[in-house]
There are 2 protein chains.
Amino acid sequence: MSQDLEQRKRGRPPSLAARAKALRAAHDILMNEGFGRLTIEAVAAKSGVSKPTIYRHWSNASELAMAALMIGYDGGETGGGGSLEDQLLAQMRSLVTAFATTRGRQIALTLAASDPESEMTKAFRNRVILSSRERGRELIEGAVNHGSMPAPEDIEVLLDMLYAPVFYRLLLGHLPLSLEFADSVVRAALAIMEVRQKG
Amino acid sequence: MSQDLEQRKRGRPPSLAARAKALRAAHDILMNEGFGRLTIEAVAAKSGVSKPTIYRHWSNASELAMAALMIGYDGGETGGGGSLEDQLLAQMRSLVTAFATTRGRQIALTLAASDPESEMTKAFRNRVILSSRERGRELIEGAVNHGSMPAPEDIEVLLDMLYAPVFYRLLLGHLPLSLEFADSVVRAALAIMEVRQKG
DNA sequence: TTCTATTTACGTTACGTATCGTAAATAAAT
DNA sequence: ATTTATTTACGATACGTAACGTAAATAGAA
């Protein structure tokens, strides 16, 4: 076997097909019936994947729910090319798309509003809020190192200004979380950087 | 409430109907499908009694199987009246009746042949073999105290001669376990007692 | 190269319990 | 005597795992 391919473990490999079936079923239940109806038994029944197999991939229903929620959200990682603005725009749009639906927002709210110490809440915060912010940091630091933009005076402030408005709307729901809104936030944040550079 | 009636516990009483339904279903499964098919899930499905309720009455499938097996066996306790011979005959017939069917014998064999330390085997030994023997002891001692027969020289030997042949045939199956056989054993044992009395 | 042995995953079925809403009982208050 | 409060059992549903037979893979022997 070629040395640049990861050597496959002995024995029957885990089935990506089974995993995908379970995730799709979980996603369907989340979107169509709601968070409360997402149970291991329901996913097994709907997907045809056995409970032992589901438990081989995820520890509990919360983990599965989180993974299912993430199906439509790739963290902007596909936006590898283009300028910093292009990349940030791609990430923001992906983020917004994942939660813009009514049900998506309900689920996110349920997650964020539950016990702060619950696995679900911690998973949401880590997987979505903090990881999005870290991805943004990577993009900005990459652009600075690349010489395509000057180092910001305070990158933490910049990151907060990028992501706070999106999660603010997501969690409060007082105004629509649209792609236009995502674009505006990115452009405004970058404009601040340009002003600072000129001033 | 009358003081000679056991005061009923507070709260919802256990349901004798539920218990009876579960026992009947278990008995049907034992007789029609065999010991291996007797599972808590099968009994719940067949009887309509929930698994939690079944577990309130019996600790596991083995206990339930034993209880179901005993449905047709009342330990000869109904033979309250009559002579010692009448009582022993009634008990022996009841015992034989419980195991005389092909399936009954298969089940008893399965029980007796399994791991000597298993709960099932212990339960069978205690509930059937030893308790039958103890019931016989009670009947004989009752008759002696009653003055209707003299004390046997060795009651343990007498009990063995009464019950060993029945269980011997039950467990080996080399000859039929019939009501006539039960009658013969009782009469032979009593005849020995009479001979000893005269000799 | 083919065959056999071994390892690991999958599905089936069962286990035994947790949680919750409801039912059936008694105890206490009115 | 009636109503309300409290206790305990029931059924529904879900959880998470055990055991087993089979499938899908690699490793080793021939």
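Numbers restart at 1 for each chain; the letters A, B, ... are given by sequence-line order, proteins then strands.
The pair B:Glu156-B:Arg133 meets the salt-bridge criterion, since a charged nitrogen lies less than 4.0 angstrom from a carboxylate oxygen.
Using modelled atom types, no side-chain atom of A:Gln87 and backbone atom of A:Leu139 make a donor-acceptor pair closer than 3.5 Å. In this structure, A:Glu33 contributes its side chain and A:Leu38 its backbone to no donor-acceptor pair below 3.5 Å. Judged by distance alone, with hydrogens and angles left aside, the side-chain atoms of A:Ser184 form a donor-acceptor pair with the main-chain N or O of A:Glu180 at under 3.5 Å. A:Ser47 places no side-chain N or O within 3.5 Å of a backbone atom of A:Ala25 that could act as its donor or acceptor partner.
In this structure, A:His57 atom NE2 and C:dT8 atom C1' are separated by 12 Å, rounded to whole Å. Remark: C1' of D:dA14 and CD1 of A:Ile29 are 13 Å apart, rounded to the nearest angstrom. Between B:Leu64 atom CG and C:dG16 atom P the separation is 11 Å, expressed in whole Å. The interatomic distance linking A:Arg10 (CZ) with C:dT6 (C1') rounds to 4 Å, in whole Å. We find that CD of A:Glu63 is positioned 15 Å from C1' of D:dC15, with the value rounded to whole Å. What separates CG of B:Leu38 from P of C:dT13 is a distance of 18 Å, to the nearest Å. In this structure, CH2 of A:Trp58 is placed 14 Å from P of D:dC15, rounded to the nearest angstrom. A:Arg12 places its CZ atom 13 Å from the P atom of D:dT26, with the value rounded to the nearest Å.
Among B:Ile140, B:Val144, B:Asp160, the one residue that satisfies the side-chain contact (heavy atoms from CB on, under 4.5 Å) test with B:Ile155 is B:Ile140.
Taking side-chain N and O atoms only, A:Arg56 has a distance below 4.0 Å to OP1 or OP2 of C:dC10.
With distances taken from any side-chain atom of B:Glu41 to the nucleotides C:dA27, C:dA14, D:dC15, the minimum falls on C:dA14. Across D:dT17, D:dA14, D:dA24, the shortest atom-to-atom separation from the side chain of A:Thr39 is found for D:dA14. With C:dT26, D:dT17, C:dG16 as the choices, the nucleotide that has an atom nearest any side-chain atom of B:Asn60 turns out to be C:dG16. Checking D:dC15, C:dC15, D:dC10 against every side-chain atom of B:Ile40, the shortest atom distance belongs to C:dC15. For B:Lys9, counting side-chain heavy atoms from C-beta on, the closest listed nucleotide (D:dT8, D:dC15, C:dC10) is D:dT8.
Comparing A:Gly11 and A:Ser59 along DNA chain D, the residue whose closest nucleotide (by nearest heavy atom) sits nearer the 5' end is A:Ser59.
Remark: A:Lys51, A:Pro52 in residues 43-52 of chain A come within less than 4.0 Å of DNA chain D through at least one heavy atom. Contacts between residues 13-22 of chain A and DNA chain C, defined by a heavy-atom separation under 4.0 Å, are made by A:Pro13, A:Pro14, A:Ser15.
Between the side chains of B:Arg56 and B:Thr53, at least one donor N or O lies within less than 3.5 Å of an accepting N or O. For the 3.5 Å distance criterion, the side chains of B:Glu63 and B:Tyr55 fail to qualify, holding no donor opposite an acceptor.
Contact record, A:Ser132 with A:Gln91: O-NE2, 2.9 Å, taken as the closest heavy-atom pair. In this structure, B:Val43 and B:Ala22 approach most closely via the heavy-atom pair CG1-O, 3.6 Å.
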